[in-house]
Amino acid sequence: MFIAILFLILLVLVVLAFFEDDRIQEKSWIFLTLVAVLTLCAAFRPEGIDKDYFSYLGYYTNPDSGMAKLTEPSFKLICSIARFFGYPSLIFIIYAFLAVPLKVYSIVRLTPLWYMSILVWFSHLYIVQDLTQIRVAVASAIFLFSLPYVMEGNRWKFILCVLLAVFFHYSAILLLPICLLDNKPLAGWRLVLMYVLPLLFYCTSIISLELLYLIPIPFIQDKILVYEEMIKYSDMFTELNKFNIMALFRLFTYYVLLWKCNVISKVYPNIPILLKIFCYSICAYAGFSFLPVFAVRAQELIGAVDFVALPLLALAFRPNWLGRIAVIIYVVGVFVADMFMYEYLKF
């Protein structure tokens, strides 16, 4: 039943995304209903439908276990609230009400293509994060909320938001280098660098495990050790194929947007900094491929920028319905793959 509801939401979003215009956006009841449904689905998902459900309950039940001790202060605080009320499921409710509305609000601030962006989010990261990796879900929501600060050049507000995101998931520390980016037009050596960097990271091993161990931050060292153990003793993420279909489509989309940057910038002036963050997410994924769990986590966190970037394909071509159809075909394919091939959720 729950999976059927998700497919129904996907269908509604596809229709809204394809026909999106000012008249549809002005119908606030559609928007608010959608936000409420997405929030409630994440908050009250069926028990054990996602891969991390029982792990979180295990952390709740055994707060002194090794893995529970490695969780962030925010998780420990939320678990304390749930214990006070004697209701473990309150963990999922709190995270859902923190992550989902903030992501939707941030999308509305960042792009004129609301429903297309929500569709891109729903097709993959809603399942992977908001229904599964709930701590990362809040961190990525804060990241999206902070993006306008980077676009405005307000680095200190962005850094404060990143520190708040780290409070919800330690991997958000990877967002800090973004504060060095700007929205200057892509031309000259900057444009050349944007074309070369992803290919450089895909074709060479610039980052190594030994280099990560030089980072003098205790919890990062602990996380790296945990990820190493997962690789040794788990069948999951034993090998990362960085040339998988989804990764290659992201790379292709990146280069198409880079090629059409000047066209898109006439309608969406913030495209340069979005592409720089997009580039960073690709480089992080390829660069950390020797540590698969870390690479996937980096891509999924920084890749929250996809919600805004991918729909811009609709602005890159005329007629723009061609771009919309391309995005819709891709996201529907990703959604189906997540359900049937990768089995993120249990039927």
Side-chain angles (χ1 to χ4, degrees), residues 2-21 24-25 30-31 34-35 37-39 41-42 50 99-100 103-104 106-108 110-133 136-137 140-141 144 244-257 260 264 268 271 274-275 277-278 281-282 285 296 299-317 319-345:
F2 184 75
I3 303 297
I5 292 173
L6 294 182
F7 271 96
L8 180 60
I9 294 171
L10 179 72
L11 177 61
V12 171
L13 281 172
V14 165
V15 173
L16 289 172
F18 185 78
F19 294 103
E20 182 171 10
D21 57 20
I24 290 178
Q25 290 184 352
I30 298 177
F31 183 77
L34 181 63
V35 175
V37 169
L38 290 172
T39 305
C41 282
D50 62 275
V100 176
K103 273 182 184 164
V104 177
S106 301
I107 285 171
V108 171
L110 286 166
T111 176
L113 301 171
W114 300 356
Y115 293 108
M116 184 69 78
S117 296
I118 293 172
L119 174 62
V120 173
W121 160 49
F122 178 79
S123 68
H124 181 62
L125 287 188
Y126 178 80
I127 297 167
V128 173
Q129 292 180 355
D130 298 273
L131 294 181
T132 309
Q133 301 163 2
V136 184
S140 66
L144 281 176
N244 64 75
I245 293 175
M246 188 179 294
L248 289 178
F249 181 84
R250 289 188 78 242
L251 192 63
F252 173 76
T253 303
Y254 167 77
Y255 279 113
V256 170
L257 291 173
K260 291 288 187 177
I264 298 171
Y268 192 83
I271 184 65
L274 276 186
L275 283 173
I277 299 170
F278 202 161
S281 72
I282 292 171
Y285 178 71
V296 173
Q299 177 184 264
E300 290 173 351
L301 177 62
I302 307 167
V305 75
D306 289 7
F307 308 162
V308 184
L310 263 64
L312 294 179
L313 286 172
L315 304 178
F317 300 97
N320 65 27
W321 58 264
L322 284 174
R324 295 192 186 210
I325 287 178
V327 175
I328 287 170
I329 291 173
Y330 168 70
V331 298
V332 171
V334 169
F335 183 84
V336 172
D338 284 348
M339 291 295 180
F340 298 105
M341 186 184 302
Y342 300 111
E343 298 180 343
Y344 282 113
L345 300 180

[X] [atom1] to [Y] [atom2] distance, which is reported to the nearest 0.5 Å:
| X | Y | atom1 | atom2 | value |
| --- | --- | --- | --- | --- |
| E20 | R324 | CD | CZ | 6.0 Å |
| L119 | L16 | CG | CG | 9.5 Å |
| L274 | I264 | CG | CD1 | 9.5 Å |

Should [X] and [Y] count as side-chain neighbours, where that means a heavy-atom distance under 4.5 Å?
| X | Y | result |
| --- | --- | --- |
| I127 | F335 | yes |
| D130 | K103 | yes |
| P311 | Y115 | no |
| V128 | V136 | no |
| S140 | L125 | no |
| Y344 | L131 | no |
| L110 | S117 | no |
| I118 | F307 | no |

For this session: Not counting sequence neighbours, which residues clear ring-ring contact (aromatic ring centres under 6.0 Å, His included) with F252? List them please.
Result: none
For this session: Applying ring-ring contact (aromatic ring centres under 6.0 Å, His included), name anything that partners Y126, two or more places apart in sequence or on another chain.
Result: W121, F122
If every non-hydrogen atom of [X] is compared with every non-hydrogen atom of [Y], which pair is closest and at what distance?
| X | Y | value |
| --- | --- | --- |
| S123 | V334 | O-CG1, 3.9 Å |
| T111 | Y268 | CA-CE1, 4.2 Å |
| R250 | G303 | NH2-CA, 3.9 Å |
| L310 | V327 | O-CG2, 3.5 Å |
| A309 | L257 | O-CD1, 3.5 Å |
| L113 | A314 | CD1-CB, 4.5 Å |

Exercise. For L8, does the CG atom have more than 12 heavy-atom neighbours from other residues, nucleotides or ligands under 6.0 Å away?
Worked result: yes
